[in-house]
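Here's the structure we're looking at; comments come further down.
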Amino acid sequence: MLKIISTSDGSSTIYVPELDEHYHSTFGAISESMHVFIDAGYRSGTMNPVSVFEMGFGTGLNALLTLYESIRDSRKVDYVSVEKYPLSESVYSKLNYHIFFPEEDQGYFNILHECRWDEPCRINDNFTLLKIRADFMEMQPDRVFDLVYYDAFAPGKQSGLWSFDIISKAASLLKPGGVFVTYSARGQLKRDLEKLGFTVEHRPGPAGKRHISRAVKKS
């Protein structure tokens, strides 16, 4: 049974007893997502509009933070996320991410979760969301993106999602010059991305983690 826990920055995350795994770092869910996916991903470019593919919708936190960034900088975002096991309302309604944002914008978290699966959903004038309920290993994407947020569970918990074939599939979703970001900095991932034609850098990680990976697809 999924458990809601509080992380060190006050934001909540989910613990999965069957995997002995958390959806986010216990040192801070929002802090980790901001550091990995917003600072190293979304804020690393100025393209407008910007298209984002997220591997693992999960709690919706990465989508929510990207939405708030698009409000802040007035960029248009086309956001696509795939998730095999969507959270039920009884679970996501217990997460507290909304309280970290202005009161007038706190409804966005529920809106993201309430959007129908497999149908584009216009969240506001700048942000469109498409949630795909599918197994990434089986889906056949038909477009490319500016950013890939790779947010699968850790390699030790879901090794199949970190195989060369799956990383290659994720890499194929990026345009030349596109950016792949993930919290993982394992050596095999770096070697795989370099083999796939990326320039890879290991950046300092958020609290509790030494490094993260950011990779740019060569033209």
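The chain is numbered in sequence order, starting from 1.
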Would you please name every residue forming a ring pair (Phe, Tyr, Trp, His ring centres under 6.0 Å) with Tyr42, sequence neighbours left out? none
Establish, yes or no, whether the cationic atom of Lys218 lies under 6.0 Å from the six-membered ring centre of Phe198 and within 45° of the ring axis. no
Could you state the interatomic distance from OG1 (Thr59) to NE2 (His113), rounded to the nearest 0.5 Å? 6.0 Å
Checking Lys209 against His35 for the side-chain contact (heavy atoms from CB on, under 4.5 Å) test, could you report, in this order, the C-alpha distance in whole Å, the side-chain angles of both residues, the deciding distance, and whether it holds? CA-CA 11 Å; Lys209 188 168 182 59; His35 187 97; over 6 Å; no
Look at the side-chain heavy atoms of Ile, Leu, Val, Met, Phe, Trp and Tyr, link any pair under 4.5 Å apart, and say whether Trp162 and Phe164 land in one connected group. yes
Is it true that, when you exclude Glu18 itself, more than 12 heavy atoms of the residues, nucleotides or ligands shown sit nearer than 6.0 Å to its CD? yes
In short, side-chain hydrogen bond (donor to acceptor under 3.5 Å, both in side chains) pairs touching residues 172-182 with sequence neighbours left out are Asp146-Lys175
Residue pairs fulfilling side-chain hydrogen bond (donor to acceptor under 3.5 Å, both in side chains) with at least one residue in residues 76-91, sequence neighbours excluded: Glu54-Tyr79, Glu54-Ser81, Asp78-Arg143, Lys84-Asp135, Ser88-Ser90
pair Phe57-Pro86: side-chain heavy atoms closer than 4.5 Å: no
Between Tyr183 and Ser33: side-chain donor-acceptor atoms closer than 3.5 Å: no
Side chains of Ser163 and Asp165: do they bring a donor and an acceptor to under 3.5 Å? no
Taking only residues at least two apart or on different chains, which pairs with a member in residues 136-219 satisfy disulfide (SG to SG under 2.5 Å)? none
Within this structure, what is the CG-CE distance for the pair Leu61 and Met34, rounded to the nearest 0.5 Å? 9.5 Å
If we only count heavy atoms from C-beta on, is the Arg75 to Met47 side-chain gap below 4.5 Å? yes
Donor-acceptor pair, side chain of Thr7 and main chain of Ser11, under 3.5 angstrom: yes
Which residues satisfy the salt bridge (Lys or Arg N to Asp or Glu O under 4.0 Å) test with Arg72, sequence neighbours excluded? Glu69
Taking ring-ring contact (aromatic ring centres under 6.0 Å, His included) as the cut-off, I'd like each qualifying pair that reaches into residues 199-219, sequence neighbours left out, listed once. none
Of all residues at least two apart in sequence or in a different chain, which pass the side-chain contact (heavy atoms from CB on, under 4.5 Å) check with Thr26? Ile5, His22
Of all heavy-atom pairs between Ser213 and Ala185, which one has the smallest distance, and what is that distance? OG-CA, 3.3 Å
Sequence neighbours excluded, the answer for side-chain contact (heavy atoms from CB on, under 4.5 Å) partners of Ala40 is Val181, Arg203, Ile212, Arg214
Could you tell me whether a side-chain N or O of Lys217 sits under 3.5 Å from a main-chain N or O of Ala171, the two making a donor and an acceptor? yes
Enumerate, atom names and distances included, each donor-acceptor pair closer than 3.5 Å involving a side-chain atom of residues 115-122, sequence neighbours excluded.
{"from": "Asp118", "atom 1": "OD1", "to": "Arg133", "atom 2": "N", "distance (Å)": "3.2"}
{"from": "Arg122", "atom 1": "NH2", "to": "Asp125", "atom 2": "OD1", "distance (Å)": "2.2"}

Would you be so kind as to tabulate the donor-acceptor pairs closer than 3.5 Å made by side chains of residues 150-159, with sequence neighbours excluded?
{"from": "Tyr150", "atom 1": "OH", "to": "Leu161", "atom 2": "O", "distance (Å)": "2.2"}
{"from": "Asp151", "atom 1": "OD2", "to": "Asn62", "atom 2": "ND2", "distance (Å)": "2.9"}
{"from": "Lys157", "atom 1": "NZ", "to": "Leu19", "atom 2": "O", "distance (Å)": "3.1"}
{"from": "Lys157", "atom 1": "NZ", "to": "Asp20", "atom 2": "O", "distance (Å)": "3.4"}

Supply the atom-to-atom distance Leu193 CG to Glu201 CD, rounded to the nearest 0.5 angstrom. 12.0 Å
Using 0.5 Å steps for rounding, measure from the CD1 atom of Ile111 to the CZ atom of Phe127. 11.5 Å
Any side-chain heavy atom of Lys169 within less than 4.5 Å of one from Pro141? yes
Identify the two heavy atoms, one from Gly160 and one from Met137, that lie closest to each other, and give their separation to 0.1 Å. O-SD, 4.2 Å
Do Phe100 and Leu112 sit in the same hydrophobic cluster, where Ile, Leu, Val, Met, Phe, Trp and Tyr count as joined when their side-chain heavy atoms come under 4.5 Å apart? yes
CA sep, side-chain torsions, deciding dist, call: Leu65, Tyr97, side-chain contact (heavy atoms from CB on, under 4.5 Å): CA-CA 9 Å; Leu65 294 175; Tyr97 306 137; over 6 Å; no
Side chain proximity check, Val52 to Val80, heavy atoms < 4.5 angstrom: no
CA sep, side-chain torsions, deciding dist, call: Leu67, Asn124, side-chain contact (heavy atoms from CB on, under 4.5 Å): CA-CA 9 Å; Leu67 168 60; Asn124 62 22; 3.6 Å; yes
Pair Leu95-Ile14, side-chain contact (heavy atoms from CB on, under 4.5 Å): steps then yes or no: CA-CA 8 Å; Leu95 299 168; Ile14 296 173; 4.1 Å; yes
Same apolar cluster: Phe136 and Val144, side chain cutoff 4.5 Å: no
Should the heavy atoms of other residues, nucleotides or ligands under 6.0 Å from OH of Tyr15 be counted, would the total exceed 12? yes
Shared-cluster residues of Met1, by chain and number - hydrophobic side chains joined below 4.5 Å: none
Quick check: is Phe37 connected to Phe27 through a chain of hydrophobic side chains (ILVMFWY, heavy atoms under 4.5 Å apart)? no
Counterpart residues, ring pair (Phe, Tyr, Trp, His ring centres under 6.0 Å), relative to Phe145 (two or more places apart): Phe53
Drop me the distance from Ile167's CD1 to Gln188's CD, to the nearest 0.5 angstrom. 10.0 Å
Do Asp9 and Ile30 have side-chain heavy atoms sitting under 4.5 Å apart? yes
Correct closest heavy-atom pair for Ser12 and Ile4 would be CB-CG2, 4.0 Å
Answer whether the closest heavy-atom distance between the side chains of Ile123 and Thr128 falls below 4.5 Å. no
Spell out, yes or no, whether Phe101 and Val77 are grouped together once hydrophobic residues are joined by side-chain heavy atoms under 4.5 Å, including indirect joins. yes
Can any side-chain N or O of Tyr23 pair as donor or acceptor with the backbone N or O of Val16 at less than 3.5 Å? no
Distance check, rounded to the nearest 0.5 Å: Asn110 atom CG versus Ser93 atom OG? 7.5 Å
